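Numbering of ligands and ligand atoms starts at 1, following listing order. Sequence positions, counted from 1, serve as the residue numbers for this chain. These numbers were taken from a predicted model, which means no experiment stands behind them. Atoms considered below: every heavy atom in the structure, side chains included; atoms not considered: hydrogens, waters and symmetry mates.
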Amino acid sequence: MIRLRVHPDRAAAVTAVAADIAGLIRDRARAGRRAVLGLATGSTPIPLYAELVRLHREEGLSFRHVTTFNLDEYSGLGPGHDQSYRWFMQRQLFDHVDIPPAETHVPDGLAPDPAAASAAYERAILAAGGIDLQVLGIGRTGHIGFNEPPAGPATRTRQVHLDELTRRDNAAFFGDIAKVPRHAVTMGVGTILDCRRVVLLAWGEGKADIVRRAAEDTPSDDCPASWLQRHPACDFVLDPAAAAKLSPR
Ligand code: GLP
């Protein structure tokens, strides 16, 4: 079931989600357990990571007992490439908090055997006890992670082909569409549905159509995010523009 949480603006939305994550981290630490976070890239979660860094610096939020698993990575890009998602996570979050480096996981875009590396990634998530809270953005194709349509609940971590719309949407970051990889490794829709909680963030009018399809259309592989309707604890955290096309409730 999707709970819709529409905030007055994205700053208010981000503050609420960061407080939620901080509560989870502190609860787990008090119980002597690690918090396992699933993390996303893209422009949407950047202010969330900035707020988590602020909570670390100004309010003593420690990440020493946090383990993270990122959703996806471009195939062919190593951690030193400035468009790799490993690089993004280091710059946006990991370099600024006290998380043990070995507790941060991003799929390996250079793995010589992507199928074996993907299976190992699934095993690592299980060995960590599963993901407590997965942060998601949404692509205009309805993708979550890099699960382009068609993709359904049976999909697990694997190498995928990127949709041309997704490549165009990301071309600005690479400077030239020819430089945007054609493949990526991503957690599957099924991997995401196994997370104990899911929080999907979306801002701006450009996301309004796909947010409506994901939240309201009958779940289908044509809009992978629509399978989140089958998750028992999924929040869509939106600003008014991203929520503008939802039916009145
Ligand atoms: C990429 C990522 C997704 C992300 C999407 C949306 O394709 N793989 O995880 O949700 O972009 O990006 P943005 O947040 O910049 O709109």
Side-chain angles (χ1 to χ4, degrees), residues 2 10-11 13-14 17 37-51 68-77 81-89 91-93 105-109 114 118 121 131 133-149 151 155 157-175 177 179-189 191-193 195 198-215 223-228 234-239 241-244:
I2 292 174
R10 72 186 72 174
V14 156
V17 174
L37 301 179
L39 300 178
T41 53
S43 54
T44 304
I46 289 177
L48 172 66
Y49 299 142
E51 174 63 4
T68 64
F69 288 92
N70 263 79
L71 283 168
D72 49 9
E73 178 61 283
Y74 287 111
S75 293
L77 302 194
H81 191 291
D82 68 2
Q83 290 306 320
S84 75
Y85 286 165
R86 164 57 77 176
W87 177 283
F88 174 101
M89 288 310 305
R91 296 303 172 282
Q92 299 298 333
L93 182 64
H105 304 86
V106 180
D108 180 0
S118 297
Y121 202 70
I131 293 171
L133 186 151
Q134 175 68 55
V135 176
L136 293 180
I138 184 168
R140 289 196 299 145
T141 60
H143 73 226
I144 45 177
F146 266 138
N147 292 283
E148 303 284 19
T155 53
T157 304
R158 69 208 183 287
Q159 190 172 49
V160 293
H161 190 80
L162 295 179
D163 198 279
E164 281 311 302
L165 176 60
T166 300
R167 293 186 69 242
R168 277 205 301 278
D169 279 351
N170 287 289
F173 301 110
F174 285 82
I177 191 160
K179 293 186 181 153
V180 183
R182 296 182 181 279
H183 296 89
V185 177
T186 182
M187 283 185 202
V189 175
T191 320
I192 294 166
L193 291 175
C195 302
V198 175
V199 178
L200 182 145
L201 314 177
W203 331 128
E205 60 182 353
K207 296 289 172 77
D209 280 316
I210 198 65
V211 163
R212 191 208 59 73
R213 284 181 59 200
C223 178
S226 64
W227 289 110
L228 296 170
C234 176
D235 292 346
F236 275 21
V237 177
L238 309 170
D239 70 356

K.L.:
At what distance is the nearest protein heavy atom to atom 6 (C) of ligand 1, and which residue and atom is it?
P.N.:
I138 O, 3.6 Å
K.L.:
Going by salt bridge (charged side-chain N to carboxylate O under 4.0 Å, His left out), name the residues that satisfy it together with E148, two or more places apart in sequence or in a different chain.
P.N.:
none
K.L.:
Nearest to atom 1 (C) of ligand 1, what protein heavy atom do you find, and at what distance?
P.N.:
Y85 OH, 3.6 Å
K.L.:
K207 near ligand 1, heavy-atom distance under 4.0 Å?
P.N.:
yes
K.L.:
Under 3.5 Å, side chain of Q159 to main-chain N/O of H183, donor-acceptor pair present?
P.N.:
no
K.L.:
Over 60° means perpendicular and under 30° means parallel, so tell me whether F174 and H81 are parallel, tilted or perpendicular.
P.N.:
tilted
K.L.:
List the closest protein heavy-atom neighbour of atom 4 (C) of ligand 1: residue, atom name, distance to the nearest 0.1 Å.
P.N.:
T41 O, 4.0 Å
K.L.:
Where is the tightest heavy-atom contact between V14 and W203, given as atom of each residue plus distance?
P.N.:
CG2-CZ2, 3.7 Å
K.L.:
Show the nearest heavy-atom pair for residues D82 and W87, with the distance to one decimal.
P.N.:
O-CD1, 3.5 Å
K.L.:
On a heavy-atom basis, which atom in P45 and which in A40 lie closest, and how many Å separate them?
P.N.:
CG-O, 3.5 Å
K.L.:
Find all atoms of ligand 1 within a distance of less than 4.0 Å from any non-hydrogen atom belonging to F146, and give their numbers and elements.
P.N.:
1 (C), 7 (O), 8 (N)
K.L.:
Should you measure from each heavy atom of T44, which atoms of ligand 1 turn up under 4.0 Å away?
P.N.:
13 (P), 14 (O), 16 (O)
K.L.:
Where is the tightest heavy-atom contact between I2 and L228, given as atom of each residue plus distance?
P.N.:
CG1-O, 3.9 Å
K.L.:
How far is atom 3 (C) of ligand 1 from its nearest protein heavy atom, and which residue and atom is that?
P.N.:
G145 O, 3.5 Å
K.L.:
May I ask you to identify the nearest protein heavy atom to atom 12 (O) of ligand 1, giving residue, atom name and distance to one decimal place in Å?
P.N.:
G42 CA, 4.0 Å
K.L.:
Show the atoms of ligand 1 that are less than 4.0 angstrom away from any heavy atom in G137.
P.N.:
10 (O)
K.L.:
Applying a heavy-atom cut-off of 4.0 Å, say which part of S43 lies close to ligand 1: side chain, backbone, both or neither.
P.N.:
both
K.L.:
Is it the case that the side chain of R10 and the backbone of D239 share a donor-acceptor pair, with hydrogens and angles ignored and the cut-off at 3.5 Å?
P.N.:
no
K.L.:
Side chain or backbone, does H143 bring an N or O within less than 3.5 Å of an N or O on ligand 1?
P.N.:
yes
K.L.:
Which bit of T186 is near ligand 1, meaning a heavy atom under 4.0 Å away: side chain, backbone, both or neither?
P.N.:
neither
